[in-house]
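Accompanying notes for the structure given below.
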Amino acid sequence: MVERNPRSTKLSKSYLFREVADRVQSYKRKNPGAVLYNLGIGDTTIPLPQVVTQSLSGFFESLSTEEGYLGYQNEQGNELLRKSIIERFYPDTITPDEVFVSDGAKCDIGRLQILLSHLSPVLIQDPTYPVYRDGTLLSGDQSLIYAVCNPENDFFPNFSGSPKLLYICSPNNPTGTVLTYTQLTHLVSYAKEHGALIIFDAAYRYFIQGEQHPRTIYEIPGAKEIAIEVNSFSKFAGFTGIRLGWSIVPKTLKGLYDDYARLHSTIFNGASILAQKCGEVVLQEGFEACMASVEEYRANTKAMRDALLSEGETVYGGEHAPYVWIETKGKSSWEAFQYYLEEKQLIVTPGSGFGKGGEGFVRLSGFFHPSTRSAILDRLACSSYTSTLYS
Ligand code: MLT
């Protein structure tokens, strides 16, 4: 028999969202007439702006012509796209050769984990987006520090244990909270003083409102010496299916920059040229339309938050992020998941699926389609609601 990689045995039996999907399937089998609304996985629901798909169709057809055909391209991503990313999101701080275009932030994190498996201990915010934890467990033998982030510490991790690598996500998945300038400055100072590296996941930056919170770690002086930032078109442009993202690896990271360039071109052949074409249009003619979709998700999230607060729930996040984080008041996270499923016919995500620190919470996502908003609010706000109303 072929031996398993012993690191695989450190992972839980299934990936969180697979487990949620299995439980929902089992409920549907028993209740075939049930109309469920999905506030679980943060998957986008508003169709792509036509300006994006129209530009793609011309480009796609040109691939059937002698002049237009394209094969392998620069693995780092086409230059126009990299320049557009800089103009939109990092003017005057980053250069196009520090941008590595990819098939998404999750895949970039996986590639970075191969490169960074020598850095130990690793700080993981708890609760956490599962990929930081599971990918680390799979790729190396580092020790992990689970830094609990909860209302008592204002969702800000404590650095005890002297981590050398820190995964920081802001706006945060799953808690929906966001770091202030002071908090992020504190993190950057820690990393500079201790020779540590921060992987900063900014995939939800588009949900930040006002000017009180940093949208990129590079707004903090000195961050280019200690931070890699990952980002994605998934959440603001609806590319969860198309797949496109990027990482910023500053040249000031010296050896790491060269090593990442080597690794990226060795195990990745570049994002699909179709996805890159869509990305270019999103950042030019399509940007306002994409931001209009973000506004709709924001309105969903605000409406959910208001409804829950008026029901007397204890709610966190949701103001600068598309997720709200609710205390389950005596129920375990999975009990609360079942309650929402069976009594309100809403799919939520159990907080404990994001780590022990998430026990006693559930996460609700605002990425549902706006046309279902009032039905969802009805179910959330009505304490006397019983599932028989909807089955
Ligand atoms: C989530 O629901 O946490 C996200 O959609 C997962 C992801 O972005 O991969």
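First listed ligand is number 1; within each ligand, the first listed atom is number 1. Just so it is clear, the model here is predicted, and its values are computed rather than measured.
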task: Give a yes-or-no answer on whether the side chains of Tyr316 and Asn150 include a donor-acceptor pair shorter than 3.5 Å.
output: no
Below 4.0 angstrom from a heavy atom of [X], which ligand 1 atoms are there? Numbered from 1 as shown, please.
| X | result |
| --- | --- |
| Phe17 | 1 (C), 2 (O), 3 (O) |
| Lys235 | 4 (C), 5 (O), 7 (C), 8 (O) |
| Ile41 | 2 (O), 5 (O) |

- prompt: What do you reckon, does Phe367 put a non-hydrogen atom under 4.0 Å from ligand 1?
  reply: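 No, Phe367 has no heavy atoms under 4.0 Å from ligand 1.
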message: Closer than 4.0 angstrom, basic N to acidic O: yes or no for Lys83 and Asp97?
response: no
With nothing but distance in play, are any N or O atoms of [X] less than 3.5 Å from an N or O of ligand 1?
| X | answer |
| --- | --- |
| Gly42 | yes |
| Asn173 | yes |
| Arg363 | yes |

- request: Compute the ring centroids of Phe233 and Phe236, then answer whether they are less than 6.0 Å apart.
  value: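 Yes, ring centres under 6.0 Å apart.
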Aromatic contact, His194 with Tyr190 (centres under 6.0 Å): yes
- request: Test ring-ring contact (aromatic ring centres under 6.0 Å, His included) on Phe100 and His264 and set out the steps.
  value: CA-CA 8 Å; Phe100 291 80; His264 184 89; 5.3 Å; yes
query: Nearest 0.5 Å, what's the CD1-CZ distance between Ile46 and Phe368?
result: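 Result: 10.0 Å between the selected atoms.
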field: Closest protein heavy atom to atom 9 (O) of ligand 1, given as residue, atom name and distance to 0.1 Å
entry: Tyr129 OH, 2.5 Å
